[in-house]
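When a ligand or atom number is given, it counts from 1 through the structure's own listing order. Atoms considered below: every heavy atom in the structure, side chains included; atoms not considered: hydrogens, waters and symmetry mates.
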Amino acid sequence: MTRIAYFGPEGTFTEQAARSLAADGDELVPFETIPLALSAVRKGETDAACVPVENSVEGVVPATLDTLAEGEPLIAFAEALLPVHFSVLTRPGTTEIRTVASHPHALAQVRLWVEANLPGARSVATSSTAAAAVAVQRGDFDAAVTAPVAVQHYPLEVRATEVADVRDARTRFLLVRRPRQPLPEPTGADRTSIVAAAANRTGALAELLTELAGRGINLTRLDARPARGNFGEYRFFIDFEGHVAEPRIGDALTALRRRCRNVRFLGSHPRADGVRATIAESAGNEDFVDAADWVAAVRRGEQA
Ligand SMILES: O=C(O)C(=O)C[C@]1(C(=O)O)C=C[C@@H](O)C=C1
C-alpha cells in the first residue's frame, strides 16, 4: 500500500487530484501546507505527495515551486488536471456575508463574482479552500470559497455553485516521490520539468532556451522565481514536451547541464491532457540516433 501526502485538509482540490491519481488501497494523508506535504515524502513518512503546481488563470503556485527547488530533490512521476469552479459555503442560517475566506488562488479566481454578488464583503486568505470551510464552521468568517466536494466534509450550506470569473479554468497537480526509483516509461505525450539558476549575465537565459529551441523542443511553461540569496537573481522553472529517456531530450539536457551546473531535474511523466509532443523537422529521436551513430562510425574509422 502506498501512502500519499496531500495539501489538505479534507475537501481541497488537491485531495480530489490525489484521489484521481491514487490506486485502490492507497492511503491519503492530509497536511495543512504544501511544504509540510513535501516534507512528509522527503522524510519518508509517506511514499508520495500530491501538490498543486499551476492554474490556468492565476499561474504558478509559488510554495510548490520554491519547495521543489531547494532541499532534498523530489521527482514528479504523474500529474492530474482538474477543472476548477467553486462553491460558496456559509453556516446554515447566515444572513449577512461580510467576510469571504479562501486560498489566495481561489480568491483571485472569483474576485469579479464577489464584487458583483457580495458587494462590500472583505476577502480573507486562508491556507487552502478547505481550511476556509473549517474557519467558517468555527465562526471566524461568514463565507468560504471552496471546491464543490468540500460540502461533503463540512456541515455548511451551499449558497452558490459553479462560481468562476473565467470559464474552463484548470489547475494542474503533481505527484512527487523521492529519487532513485524508476521513471515512468515515455509515452510520446510527456512533460519534462527542470529548474535552472542561470548565471546573472547577459544572455544566460537566452542560451539555455536556445538549447531547447535549437532541438525543436516545445516549452509548456517558463516561470522565474527569486533565487532568494541575492536581490535580482532568479531561478527559471522550465517545462517542455518530451521525456528524458528520449535521445532528443537527453541531448538537450546534456547541453543545458554543460551551460548551467546549477540545474535540477524535476521529472519526466505522461501529460494529463495527453497532448503529444510536436517534433520539428530533423529533430526526431531517430535523427539524433542516426547522427550519434554516424559520429561513432567516424570515430571507429569506418566513415568519413
Ligand atoms: O485550496 C485548495 O483546494 C487547493 O487545492 C489549492 C488550489 C491552488 O493552489 O490553486 C488548487 C486549485 C484551485 O486553483 C484553488 C486552490
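If you check which protein heavy atom lies closest to atom 12 (C) of ligand 1, you get Thr171 OG1, 3.5 Å. For atom 1 (O) of ligand 1, the nearest non-hydrogen atom of the protein is Thr129 N, 2.8 Å. At the top of the distance list for atom 6 (C) of ligand 1, counting protein heavy atoms only, stands Phe7 CE2, 3.7 Å. Ranking the protein heavy atoms by distance from atom 10 (O) of ligand 1 puts His105 ND1, 2.9 Å first.
Comparing His85, His103, Arg172, Arg170 by heavy-atom distance to atom 9 (O) of ligand 1, the nearest is His103.
Residue Gln109 has at least one nitrogen or oxygen atom sitting less than 3.5 Å from a nitrogen or oxygen atom of ligand 1, judged on distance alone. At under 3.5 Å, not a single nitrogen or oxygen of Pro52, backbone or side chain, sits near a nitrogen or oxygen of ligand 1.
Relative to the six-membered ring of Phe288, Arg248 misses at least one condition, a distance below 6.0 Å or an angle of at most 45° to the axis.
Under the side-chain contact (heavy atoms from CB on, under 4.5 Å) rule, Leu175 has a single partner from Val41, Ile4, Thr2, which is Ile4.
In this structure, Pro52 and Val61 approach most closely via the heavy-atom pair O-CB, 3.7 Å. Scanning all heavy atoms of the two residues, the minimum distance from Pro226 to Arg235 falls at O-NH1, 3.9 Å.
Ring centers of Phe13 and Tyr6: at least 6.0 Å apart, outside the cut-off.
Every salt bridge (charged side-chain N to carboxylate O under 4.0 Å, His left out) that Asp66 has, sequence neighbours left out, goes to Arg225, Arg228.
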Which pairs would a plain distance check flag for residues 143-164, meaning a side-chain donor or acceptor within less than 3.5 Å of a matching protein atom at least two apart in sequence or in another chain?
unit_1	atom_1	unit_2	atom_2	d
Tyr154	OH	Glu10	O	2.5
Arg159	NH1	Thr90	OG1	3.1
Arg159	NH1	Thr94	O	2.9

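Separating the CZ atom in Arg180 from the CD1 atom in Ile75 is a distance of 9.5 Å, to the nearest 0.5 Å.
Here Val61 has side-chain heavy atoms under 4.0 Å from ligand 1, and that is the only part of it that gets that close. In Asn55, the part holding a heavy atom less than 4.0 Å from any atom of ligand 1 is the side chain.
In the vicinity of Ser128, heavy-atom distances shorter than 4.0 Å reach the ligand 1 atoms 1 (O). Counting the atoms of ligand 1 from 1 in the order shown, those under 4.0 Å from a heavy atom of Thr12 are 2 (C), 3 (O), 5 (O). Those atoms of ligand 1 that come under 4.0 Å of a heavy atom in Thr14, given as number and element, are 4 (C), 5 (O).
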